[in-house]
Amino acid sequence: MIVMKRVKLLGYEIDTFNFNSAVEYAQELMCNDKVNQVVTINPEMFTTAANDEQFSQILKDAEMVIPDGIGVKIGLKIMGENVDRIAGVDFAREMINRAAEKNMPVALIGAKPEIIEKAVINLKSEVENLNIVYSHDGYFDNWDEIYEGLKNTSPRLILVALGSPKQEKFISEARNRLNPALMIGVGGSFDVWSGVVQRAPKIYQKMGLEWLYRTLKQPERFKRIFPALPLFMLKVLRYRIGGEKC
Ligand code: UDP
């Protein structure tokens, strides 16, 4: 049984599930007759949405918005909701397994050329029966060419790693152009699957401190989470005290 509760955070609906229910729900979306968009949301994306009307609308229109970052989990806790955090990289990896089990073709778009190449090789060797019908690195200017490639190969699961908000915009524009598919924005997942970027050790993951590990490894990431993270928390607290206004 799929257990899902939709909760509001700063005016956006977040779908909260445990991991298995999220996968089951997404599998249903992968099998229906339209293009469906999954957003794995983190605090930086709320900040982007506050300054970008198009992106804000995309978050509202997405079929599934799941709390990826620990910041969103804490934000929801402040609003009185205790939810599981679902790491986008684990969720997307499980969707690949499901697609392979169901004989559904898969496409991967994004990351540097050598990264996507390695990720495809690794996934093919790890996942039995995986059918990758299309892949392309993420450094292209001509979106039409990529949509064309996807249209011609009709994958049912399309993972897009272009960073945010580009990947969400790329998926949103695909809605009216592609055959039915489940499309997920997966951030840095291909870097991990290529073996080039290491995931944080399990202890960091368990404690919700993956962001700290990544920031220690790549200090340039600091400017991405600061001041976005504390500002996000302050905003949520203001909402909590003043009541939801949207
Ligand atoms: N990327 C890309 N094209 C671009 C910008 C970024 O393919 O124009 C890739 C980048 O190489 C990386 C991924 O998008 O593989 C996003 O990584 P990031 O660390 O920003 O992801 P997140 O922090 O959201 O997981």
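Since the structure is predicted, the reported quantities are computational estimates derived from the model, not experimental observations. Both ligands and their constituent atoms are indexed starting at 1 by order of listing.
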### Task
Return each pair, listed once, that meets ring-ring contact (aromatic ring centres under 6.0 Å, His included) where at least one residue sits in residues 84-138; pairs must be two or more places apart or across chains.
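Qualifying pairs, neighbours excluded: H136-F140.
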
Tabulated below should be the N or O atoms of ligand 1 paired with protein N or O atoms at under 3.5 Å; can you produce that?
from     : atom 1 : to   : atom 2 : distance (Å)
ligand 1 : 1 (N)  : Y139 : OH     : 3.3
ligand 1 : 3 (N)  : G138 : O      : 2.8
ligand 1 : 7 (O)  : A111 : N      : 2.8
ligand 1 : 7 (O)  : A161 : O      : 3.2
ligand 1 : 8 (O)  : K166 : NZ     : 2.7
ligand 1 : 11 (O) : Y139 : OH     : 2.8
ligand 1 : 14 (O) : A161 : O      : 3.1
ligand 1 : 14 (O) : G163 : N      : 3.3
ligand 1 : 15 (O) : D191 : OD1    : 2.5
ligand 1 : 19 (O) : R221 : NH1    : 3.1
ligand 1 : 20 (O) : R224 : NH1    : 2.9
ligand 1 : 21 (O) : G188 : N      : 3.2
ligand 1 : 23 (O) : R221 : NH2    : 2.8
ligand 1 : 23 (O) : R224 : NH2    : 2.9
ligand 1 : 25 (O) : G188 : N      : 2.9

### Task
Evaluate the salt bridge (charged side-chain N to carboxylate O under 4.0 Å, His left out) criterion for residues D68 and K73: first the C-alpha distance (whole Å), next the side-chain angles of each, then the deciding distance (0.1 Å), finally the verdict.
CA-CA 8 Å; D68 182 7; K73 181 180 160 72; over 6 Å; no

What pairs of donor and acceptor atoms, side-chain ones from residues 188-196 against any protein atom, are under 3.5 angstrom apart with sequence neighbours left out?
from : atom 1 : to   : atom 2 : distance (Å)
S189 : OG     : V186 : O      : 2.7
S194 : OG     : F190 : O      : 3.4
S194 : OG     : D191 : O      : 2.7
S194 : OG     : V196 : N      : 3.1

### Task
Can you tell me which residue pairs pass the side chain to side chain donor-acceptor pair (under 3.5 Å) test with a partner in residues 55-65, sequence neighbours excluded?
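Qualifying pairs: Y12-S56, K34-E63, Q57-D61, E63-R175.
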
### Message
With no hydrogens and no angle check, just 3.5 Å: does a side-chain donor-acceptor pair link N131 and N103?
### Response
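Side-chain D/A pair, N131 to N103: absent.
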
### Task
Going by the side chain to side chain contact (heavy atoms under 4.5 Å, CB included) test, name the single residue among M95, R98, R156 that passes it with L182.
M95

